[in-house]
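No hydrogens, no waters, no symmetry mates; every other heavy atom, side chains included, goes into these values. Just so we're on the same page: letters track the sequence lines, and every chain starts at 1.
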Number of protein chains: 2
Amino acid sequence: MTSLPSGLLGDLDPTSDRAVFRQIADQLREAIDRGRFTEGAKLPSEAELVEHYGVSRMTVRNSFSVLQGEGLVHAEHGKGVFVRPRPPVRRLASDRFARRHREQGKSAFIVEADAAGSHPQVDSLEVKEEKASQDISTRLGSVRRVLARRRRYLLDGKPVEFAASYLPLDIARGTAIAEPNPGPGGIYARLEELGHRLDHFEEEIRARMPAPAEVKTLRLASGVPVIHLIRTAYDTEGRAVEVCDTVMAADAYVLSYQLPAT
Amino acid sequence: MTSLPSGLLGDLDPTSDRAVFRQIADQLREAIDRGRFTEGAKLPSEAELVEHYGVSRMTVRNSFSVLQGEGLVHAEHGKGVFVRPRPPVRRLASDRFARRHREQGKSAFIVEADAAGSHPQVDSLEVKEEKASQDISTRLGSVRRVLARRRRYLLDGKPVEFAASYLPLDIARGTAIAEPNPGPGGIYARLEELGHRLDHFEEEIRARMPAPAEVKTLRLASGVPVIHLIRTAYDTEGRAVEVCDTVMAADAYVLSYQLPAT
DNA sequence: CTTACCCACTCGTCTATACGAGTATGCCTG
DNA sequence: CAGGCATACTCGTATAGACGAGTGGGTAAG
């Protein structure tokens, strides 16, 4: 084992009342912030830090877990601990549901990803009728059963978003909306063809840490929150015609909205 | 030490290849989800779990740290580990900057909190001229120096949001905007009085884990992400007249937006 | 030259122990 | 009765050691 380049990391302050593992985490964080370790770079191994600081291995691991919780680094079994690279973000503009975007052929996700030069993919398609949850039922105006469309979106092989759409059966049953592929322009285009002219959307945004199932389907690194977006589509008669519940890897998205000052 | 109520938590599966600390975390998580432990309830102590499962204390602590990372529980030194209560959320509606809201007296934050029956507070006020960061400069259209207004918002004593507004000096210097208290209707009202009629706002939303400084100012529990919102205000001539950079405790907010379907 | 194996290095999991520090409770003292 | 202290409980920090498992490189065998 070779020792650490001197000057890269400092020493501990034994007089400080800050816990040793926090001091180590602080030094590593600062080194990352200063660019001593760039994106994707490998941090010193546990053994190297144990030797450098003269502490036990659990203490070093504790430091790493602090940084992992902050989403700064991630560990790879058998390889090392690395500065977490920031994935390219998808920007969702507030006009993304404008009618003119629907009037062309392909799905918004595909078009946009192609334009950005990345490889889009949609999988885990599931379309079925089911009982509406309490929340969905309320949002759709007390419907009991709904058509549920679930799918997962990937960019360059990385899952970035998991979405579930819910529609009242009297609208969706037996239409193209109930097909795995609803056709050009997506379900919003189909809804308008069916006479449900869309008026506006309402979006609710929360952020939180993912549940274990979400970690799995989105293959999330530790320290990455999710953005939880619930969109309700209203037609010109004020009826809620669809609710879309999506969970997004927070490190892959920037949402953007325009608000009138009126 | 009294032993655990039987049936509350199960046993370990030694044949499983799932790590012991994960199995324990799973059982605790499930018990919480099922309502066996309600909000604010105290989980079994480390010592109790050590005895119940027959594992070492570090293993139990490891389980707790998993749940902490998920934002499900939080530990209190000397007291125990508790199911994290969900604080009341502030809902930010998309019409919150409508002119009619500005035309009344008090600040939006105060009015809204009073209406919700909670005790609002604003502190850490700082108003000063400074060099614009690269990002702020770009958003404001290449200004070098700006007026910065920083403040922290609290609800019932709990910090929920930290905001920094930046304005070009040629607009703000020497006006009420440069005063600690900009007067009724806030700085947007002052901007309009100064002839900068507001046209629209643009908001960019990200979510991420907080930096240590943010954990401190917002007194965030572990496992709570932040919502990072950057709003740019444009006047009717298309000029960016203000950028507001706010960091919010994600567990205290739901953002809500209306999008036209046009 | 290629393949297979071994080994060194990495992080992952778990045990056992020790002491420190914050909290709450009850008892004892004044 | 009030105040203070002792105590037992809580989590926080740190050590030292063990074994397991994934990775990658080098070496030896084919």
Side-chain angles (χ1 to χ4, degrees), chain A residues 1-4 11-28 37 40-69 72-84 215 221-223, chain B residues 1-4 11-28 37 40-69 72-84 215 221-223:
Chain A
M1 174 162 72
T2 84
S3 81
L4 242 49
D11 295 318
L12 297 177
D13 174 6
T15 70
S16 164
D17 49 0
R18 188 155 178 83
V20 172
F21 76 89
R22 287 186 206 286
Q23 292 188 46
I24 297 177
D26 290 345
Q27 294 194 10
L28 291 169
F37 301 106
K42 183 178 171 305
L43 295 184
S45 75
E46 293 175 356
E48 283 168 330
L49 291 173
V50 161
E51 183 174 2
H52 177 84
Y53 289 114
V55 298
S56 89
R57 188 173 158 225
M58 290 311 279
T59 302
V60 169
R61 282 183 64 76
N62 218 340
S63 312
F64 278 150
S65 91
V66 169
L67 300 178
Q68 269 188 56
L72 264 185
V73 307
H74 71 113
E76 291 181 34
H77 194 166
K79 296 206 233 175
V81 178
F82 301 85
V83 179
R84 201 158 65 75
V215 170
S222 64
Chain B
M1 175 163 73
T2 85
S3 82
L4 243 49
D11 294 320
L12 297 177
D13 174 5
T15 71
S16 164
D17 50 359
R18 189 156 178 81
V20 172
F21 75 89
R22 286 186 207 285
Q23 292 187 47
I24 298 177
D26 290 344
Q27 294 194 10
L28 290 169
F37 300 106
K42 183 177 172 302
L43 295 184
S45 75
E46 294 174 356
E48 283 168 332
L49 292 172
V50 162
E51 183 174 2
H52 177 83
Y53 288 112
V55 297
S56 90
R57 188 174 157 224
M58 289 311 277
T59 302
V60 169
R61 281 183 64 77
N62 218 339
S63 313
F64 278 150
S65 89
V66 169
L67 300 179
Q68 268 188 58
L72 264 185
V73 308
H74 72 112
E76 291 182 32
H77 194 167
K79 297 206 234 176
V81 177
F82 301 85
V83 179
R84 202 158 64 77
V215 170
S222 65

Peer 1: Rounded to the nearest Å, what distance is computed from the CG atom of residue A/Leu49 to the P atom of nucleotide D/dA14?
Peer 2: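 To the nearest whole Å, that distance equals 15 Å.
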Peer 1: I want to verify a distance call: between D/dA14, D/dG12, C/dG12, whose nearest atom is closest to the A/Glu46 side chain?
Peer 2: C/dG12
Peer 1: Atom CD of A/Glu48 and atom P of C/dC11: how far apart are they, to the nearest Å?
Peer 2: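 The answer, rounded to whole Å, is 8 Å.
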Peer 1: Can you tell me the distance, in whole Å, between the NZ atom of B/Lys42 and the C1' atom of C/dT23?
Peer 2: 12 Å
Peer 1: Counting only side-chain nitrogens and oxygens, does B/Thr59 get under 4.0 Å of the OP1 or OP2 atom of C/dT13?
Peer 2: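 False: B/Thr59 side-chain N/O out of range (4.0 Å or more) of C/dT13 OP1/OP2.
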Peer 1: Does C/dT10 have its OP1 or OP2 closer than 4.0 Å to a side-chain nitrogen or oxygen of A/Ser45?
Peer 2: yes
Peer 1: Whole Å only: how far is the CZ atom of B/Phe21 from the P atom of C/dG12?
Peer 2: 9 Å
Peer 1: Between A/Gly78 and A/Arg18, just flag the one whose closest nucleotide in DNA chain D comes earlier from the 5' side.
Peer 2: A/Arg18
Peer 1: Taking atom P of C/dG12 as reference, at what distance in whole Å does atom CZ of A/Arg61 sit?
Peer 2: 5 Å
Peer 1: Counting side-chain heavy atoms from C-beta on, which of D/dC11, D/dT23, D/dC19 comes nearest to A/Lys79?
Peer 2: D/dT23
Peer 1: Assess, by modelled atom type and distance only, whether the side chains of A/Tyr53 and A/Gln27 contain a donor and an acceptor separated by less than 3.5 Å.
Peer 2: yes
Peer 1: So, is B/Arg22 close to the C/dG12 phosphate, meaning a side-chain N or O under 4.0 Å from OP1 or OP2?
Peer 2: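 Answer is no, no contact under 4.0 Å.
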Peer 1: May I have the distance from A/His74 (atom NE2) to C/dG12 (atom P), rounded to whole angstrom?
Peer 2: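 So the two atoms are 11 Å apart, to the nearest Å.
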Peer 1: With no hydrogens and no angle check, is any side-chain donor or acceptor of B/Ser63 less than 3.5 Å from a backbone partner on B/Phe21?
Peer 2: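 Looks like yes, one N/O pair under 3.5 Å.
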Peer 1: Got a donor-acceptor contact below 3.5 angstrom from the B/Ser222 side chain to the B/Gly69 backbone?
Peer 2: no
Peer 1: Please determine, for the side chain of A/Ala19, which listed nucleotide (C/dC14, D/dA14, C/dG20) has the closest atom?
Peer 2: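 Closest nucleotide to the A/Ala19 side chain: D/dA14.
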Peer 1: State whether the side chain of A/Gln23 and the backbone N or O of A/Arg18 hold a donor-acceptor pair below 3.5 Å, judged by distance alone.
Peer 2: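 Looks like yes, one N/O pair under 3.5 Å.
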Peer 1: Please give, in whole Å, the distance from C/dC11 P to A/Leu43 CG?
Peer 2: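 Between P of C/dC11 and CG of A/Leu43: 9 Å.
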Peer 1: Would you indicate which nucleotide in C/dT13, C/dC14, D/dA14 comes nearest to any side-chain atom of A/Arg57?
Peer 2: C/dT13
Peer 1: Using whole Å, what does the distance between atom C1' of nucleotide D/dG22 and atom NE2 of A/His77 come to?
Peer 2: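 Distance check: A/His77 NE2 to D/dG22 C1' gives 5 Å.
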Peer 1: So, does A/Glu46 use its side chain to make a donor-acceptor pair with the main chain of A/Val60 at under 3.5 Å?
Peer 2: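 A pair under 3.5 Å: no.
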Peer 1: Nearest to the side chain of B/Ala47, which nucleotide is it out of D/dT10, D/dT15, C/dT10?
Peer 2: D/dT10
